[in-house]
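We name chains A, B, ... by the order of the sequence lines, and we start the count at 1 in each one. Any value given below was found using the heavy atoms of this structure, including those in side chains, with hydrogens, waters and symmetry copies removed.
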Amino acid sequence: MRWCILPACPDNGKPREFQMEERYEPAAVERAAQHHWNSHRSFAATEDPARGKFYCLSMFPYPSGRLHMGHVRNYTIGDVLSRFARMQGRNVLQPMGWDAFGLPAENAAMANGVAPAQWTRDNIAYMKKQLQALGFALDWDREIATCDPASYRWNQWFFLRMRESGVAYKKTGVVNWDPVDQTVLANEQVIDGRGWRTGALVEKREIPMYYLNITRYADELLGDLAQLEGWPERVKTMQANWIGRSEGAEVAFPLAEDARALLGADTALKVFTTRADTLFGVTFMAVAAEHPLALAAGARDPALQEFIDECRRGSTMEADVATMEKKGRPTGLHVLHPFTGEPIEVWVANYVLMGYGEGAVMGVPAHDERDFAFASQNGIAIRTVIRPQDGSYGAAVAPWLEAYGERGITVDSGEFSGLESAAAVDAIAAALDLKGLGRKRIQFRLRDWGISRQRYWGCPIPLIHCERCGEVPVPDDQLPVLLPENLVPDGSGNPLAKTPSFWQCKCPTCGGDARRETDTMDTFVDSSWYFLRYACADNTRAMVDDRVAYWLPVDQYIGGIEHAILHLLYSRFWTKVMRDLRLVSVGEPFSNLLTQGMVLNDIYSHQPAEGRRAYFNPLDIDVEESDGGARYFARREDGSRLEVTHEGLGTMSKSKNNGVDPQSLVEKFGADTARLFMMFTAPPEQSLEWSDEGVQGSFRFIRRLWKAVHEHVSGGPAAALDKAGLDAGQKELRRAAHQMLAKVTDDIGRRRTFNTAVAAVMELLNAVARFEDRSAQGRAVMQEALSLATLALSPMIPHVCHALWQELGHAGALIDHPWPAVDAGALQQDSMTLVVQVNGKLRGQITVPVDASEDSIRAAALAEESVRRFIGEAPPRKLIVVPRKLVNVVV
RNA sequence: GCCCCGGUGGCGAAACCGGUAGACGCAACGGACUUAAAAUCCGUCGGCCGCAAGGCCAUGCCGGUUCGAGUCCGGCCCGGGGCACCA
């Protein structure tokens with residue numbers, strides 16, 4: 001360690017926080033910078049109506065134990081944008097908190113016997129230290145953890161308001177049931193249709209649950225997407241498809257004699273269809289296994305009942321349902337065609353879901369691919385009732401052709417024959433309406449949001465069940481319903497249901513013995529409004545206050561693309577409900593959205609003959625290449641090796657054991673290197689495949705920057721810059737510096753491509769290294785270039801820039817310095833280089849004055865030697881001049 | 001299965017509105033410095049042909065539009081995300 005000779009500081013008499021060393025020592029640099037920010041409370045945000053606010057929000061983490069690279073990437077992006085906005089004069093709020101309820105805490109409890117509360121709070125403490133070490137410009141005064149009663153009491157309070165307004169209601173829903181553990185399983189806990197701990201075949205079970213009526217807002221959630229100009233198009237497309245508005249018709253098929261005998265005379269089998277024009281092609285009906293008609297038929301037919309039971313096994317996941325073999329059984333019951341009165345047999349099919357639409361569909365094999373497959377497999381008639389406009393096929397026969405599904409002209413459809421599809425839909429719907437058997441209707445794919453969870457580590461639903469009074473809300477003045485924090489789940493059901501001290505209570509209405517609700521809320525509830533709470537985190541008397549009106553909407557939201565649908569849709573919905581209950585004034589919570597790509601890593605696993613699949617960290621894998629491909633071996637703690645399967649790439653997660661802990665990176669290279677690496681490696685929206693290499697390069701760059709400043713300042717203070725008196729070389733470096741600044745300003749501010757911003761500063765630093773002019777003006781230009789580089793990099797690597805700024809002799813801390821302005825004069829050039837093509841192929845270059853006329857450019861291009869060689873004697877057929885870019889000679 | 005996104009040198013990437021493909025960095029290789037190593041600095045670095053000048057090929061695959069396509073259109077293959085109880 002060596003001390004250098006310090007240059008005098010021109011106008012800064014303040015003592016140095018440390019002496020500049022020749023070597024870059026990240027630990028000392030980061031300690032000093034963080035000390036400055038903390039002691040000046042640089043990031044504590046206060047409401048100031050006079051200043052333009054900038055609410056910059058990153059999705060809060062689940063406190064899983066340690067930060068992972070996805071967090072570092074996410075929070076560095078947010079920090080760069082926050083610090084950039086701050087330098088541009090905005091009043092910035094960048095808060096942080098913890099999505100602290102959820103399943104992993106219960107899993108950890110089962111594995112280690114630690115109470116979820118303790119585990120969660122320990123994790124929060126550790127991860128908070130990690131976040132602080134990374135130097136994020138966060139206002140920690142507003143920190144919230146969703147497992148704190150101060151936070152979740154407002155979930156409960158607002159749930160009761162939603163219940164009063166009818167947004168929250170109760171109905172039955174389907175869950176995964178593990179018959180051995182007697183417990184409800186999350187989809188994640190169902191593997192190949194079996195419970196992850198017991199291996200037992202999972203059953204579907206219907207239980208009462210609370211729902212939020214998000215479908216009431218479906219139209220608005222869809223329509224308002226158009227306002228969200230600051231959202232990525234792909235996210236809006238995904239949400240629009242998820243909401244899935246479709247225009248169609250509801251059709252009621254009256255029950256035939258056989259079905260009426262079982263179900264009563266008044267009922268009809270209702271379906272929704274977007275293809276009412278194919279109504280005369282219906283040759284069967286399919287209902288879900290849980291449909292009343294199926295249940296009634298099953299009761300008198302043991303073979304059918306067996307099939308219904310089979311349908312009830314397996315998972316509730318749509319991906320499973322969609323990929324499983326399509327099966328069906330006839331019920332022997334019939335419904336009547338609404339126009340012809342012809343009997344149509346009703347089938348039970350495993351691909352029809354009770355939760356979708358009416359739980360029943362009409363089968364038109366000739367014009368629907370899935371119905372076609374089902375009919376072919378089960379020997380059901382196929383009746384063509386649509387002819388394409390060009391008459392390109394006669395009857396629909398195997399194999400299925402795309403054309404069968406297209407719209408056209410109706411045929412063999414009674415009085416509705418000969419109509420174009422759209423007209424046929426209108427005519428048929430109108431006729432159905434007259435008969436009272438149907439009407440046009442809009443159907444959404446979106447389903448209501450079930451929020452009940454039969455789990456411990458979540459927000460208790462504030463209801464009391466009384467035998468006399470029914471379901472009674474917990475009075476507001478008794479909120480919050482506190483979650484006991486000392487329970488340890490064992491995997492067999494909800495511990496709350498086994499804890500009488502929790503559920504035993506008195507009815508608030510009659511005072512008699514009553515039972516408290518033991519279900520807790522989906523954790524998506526917590527994340528649907530946490531961003532509002534940051535604005536007023538210390539308010540113990542109300543969910544929101546005036547400060548919410550100041551900060552909302554969020555100006556920039558940053559988070560993983562995996563949240564493109566559920567979390568973002570639920571938050572939009574929740575905000576609209578709060579608006580309708582007059583708690584907030586905005587209808588959309590997030591003005592601008594940046595969806596960060598996932599950080600991916602290899603996944604290695606081993607499936608033992610019995611028990612759970614084990615995952616191994618990529619760091620513990622040896623790869624052996626051979627002719628037949630690669631084999632993978634996991635090194636185990638006892639020194640043995642186990643051959644494992646490479647499952648491919650996947651998002652870094654605890655469950656796949658493929659996370660990379662940023663801690664070692666920070667300890668070895670410092671926070672700035674970790675931040676720079678994440679920003680430089682890929683553009684933020686793109687997924688990033690992890691690799692250890694490359695980190696060195698980021699560290700090396702910071703060290704080169706440090707060295708360049710050190711060498712410069714050791715030459716003493718620089719003279720004042722005389723812009724008009726520069727020579728060509730000085731002008732060139734100055735132009736490079738301002739070009740860099742223009743690019744970085746645009747890349748951070750508009751394009752949000754931090755990788756190219758870093759590359760631009762690297763290029764400038766390469767030019768600085770080549771610049772050997774040590775004259776007074778040479779050093780003045782150098783001083784400006786290094787100062788601009790420091791400012792430009794400061795949102796990304798704030799610690800080292802804090803130190804370098806002082807070294808460059810500037811008064812005041814960098815954190816309080818505004819973003820610099822580009823000097824247009826520095827960018828001016830006399831000549832420019834144009835590319836010359838012949839028939840679109842690059843053949844040469846010409847250099848012309850910037851103000852050259854098009855004619856002189858044409859002449860110069862044609863005179864260029866290699867162009868003449870390629871065009872030969874032939875006169876050019878066409879000359880294309882693209883201003884400031886190129887000339888293309890076409891022969 | 002359905003919806004969304006991506007695929008460019010050995011690797012991460014750049015090319016912003018259809019106009020020089022590979023900026024910037026990593027790795028590798030050659031050299032300088034060093035007793036040595038590290039660090040640092042200089043140079044080479046898509047493929048093929050050529051002594052060179054230069055030419056040809058090349059942005060997952062096949063086809064199209066255009067004076068000109070990594071970029072636009074159609075079809076396919078592969079990878080990733082989501083699919084409502086992981087968060």
Side-chain angles (χ1 to χ4, degrees), chain A residues 23 59 61-62 64 99 102-104 107 173 175-176 184-190 232-235 237-242 244 316-324 326 351 355 370 445-455 522-524 527 560-567 569-570 595 597-598 600 648-651 653-655 680-683 685-689 691 693-698 700-701 703-704 707 746-747 750-751 753 755-756 758-763 766 769 833-842 845 866 877-880 882 885-891:
Chain A
R23 252 180 90 82
M59 290 180 184
Y62 178 81
S64 56
D99 190 11
L103 207 50
N107 295 338
V175 294
N176 301 305
V184 175
L185 297 178
N187 284 337
E188 184 188 55
Q189 297 171 317
V190 179
E233 215 49 53
R234 61 168 159 161
V235 174
T237 306
M238 280 190 265
Q239 291 213 349
N241 290 340
W242 184 262
T316 58
M317 282 181 269
E318 191 193 293
D320 291 343
V321 174
T323 49
M324 72 189 175
K326 310 285 180 288
Y351 64 86
R370 197 170 53 179
R445 205 187 75 95
L446 181 68
R447 311 199 296 261
D448 275 347
W449 173 14
I451 59 157
S452 293
R453 297 291 179 268
Q454 297 68 45
R455 263 184 264 294
D522 180 7
T523 55
F524 274 123
S527 55
I561 184 65
E562 71 274 23
H563 296 293
I565 296 174
L566 293 180
H567 161 62
L569 191 66
Y570 290 151
T595 45
M598 310 291 296
L600 309 177
L649 283 171
T651 161
S653 74
K654 206 163 198 184
S655 60
F680 180 62
T681 298
E685 306 231 299
Q686 194 166 306
S687 57
L688 186 156
E689 289 169 34
S691 110
E693 296 151 356
V695 177
Q696 272 290 346
S698 294
R700 196 146 55 208
F701 170 70
R703 205 159 48 189
R704 284 184 63 208
K707 220 178 101 186
D746 188 50
D747 283 352
R750 179 184 64 91
R751 295 213 306 155
T753 53
N755 55 329
T756 54
V758 174
V761 190
M762 285 176 168
E763 275 187 86
N766 290 340
T833 301
L834 300 184
V835 162
V836 185
Q837 298 179 334
V838 177
N839 289 337
K841 287 204 173 203
L842 175 69
Q845 291 187 345
S866 56
R877 267 204 302 146
K878 203 166 163 189
L879 251 176
I880 294 155
V882 181
K885 284 256 166 66
L886 61 67
V887 182
N888 188 13
V889 185
V890 185
V891 292

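Here B:A84 presents its P atom at 15 Å from NE2 of A:H563, a figure rounded to the nearest Å. Separating the CZ atom of A:R447 from the P atom of B:C2 is a distance of 18 Å, rounded to the nearest angstrom. Here the P atom of nucleotide B:C86 and the CG atom of A:L185 are 11 Å apart, to the nearest Å. We find that CG of A:N187 is positioned 13 Å from C1' of B:A87, with the value rounded to whole Å.
If you check every strand for non-hydrogen atoms under 4.0 Å, A:R703 touches sugar and phosphate atoms only. A:F701 comes within contact range of no nucleotide atom at all, as no heavy-atom separation falls under 4.0 Å.
Along RNA chain B, the nucleotide nearest A:R750 and the nucleotide nearest A:M238 are compared for position; the residue whose nucleotide lies closer to the 5' end is A:M238. With RNA chain B read from its 5' end, the first of the two nearest nucleotides for A:L446 and A:T237 is the one closest to A:T237.
Taking side-chain N and O atoms only, A:Q686 has a distance below 4.0 Å to OP1 or OP2 of B:A13. At the phosphate of B:U66, neither OP1 nor OP2 sits under 4.0 Å from any side-chain N or O atom of A:K878. Not one side-chain nitrogen or oxygen of A:T756 sits closer than 4.0 Å to the OP1 or OP2 atom of B:A14.
As rounded to the nearest Å, B:A13 and B:G7 have C1' atoms that lie 13 Å from one another. Atom P of B:A15 sits at a distance of 13 Å from the matching atom of B:G22, rounded to the whole Å.
Electrostatic pairing of A:R751 and A:E685 does not count as a salt bridge here, judged by no charged N lying under 4.0 Å from a carboxylate O.
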The dot-bracket string of RNA chain B, counting Watson-Crick and G-U wobble pairs with both distances under 3.5 Å, using [ ] for crossing pairs and | for pairs to another strand, is (((((((..(((......[....))).(((((.......))))).((((....))))..(((((..]....))))))))))))....
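Partners of A:N176 by side chain to side chain donor-acceptor pair (under 3.5 Å), not counting sequence neighbours, listed by chain and number: A:N187, A:T316.
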Any N/O pairs under 3.5 Å between the protein and nucleotides 25-28 of chain B? List them or say none.
from  : atom 1 : to     : atom 2 : distance (Å)
B:G25 : OP1    : A:N766 : ND2    : 3.3
B:C26 : OP1    : A:R700 : NE     : 3.1
B:C26 : OP1    : A:R700 : NH2    : 2.5
B:A27 : OP2    : A:R700 : NH2    : 3.1

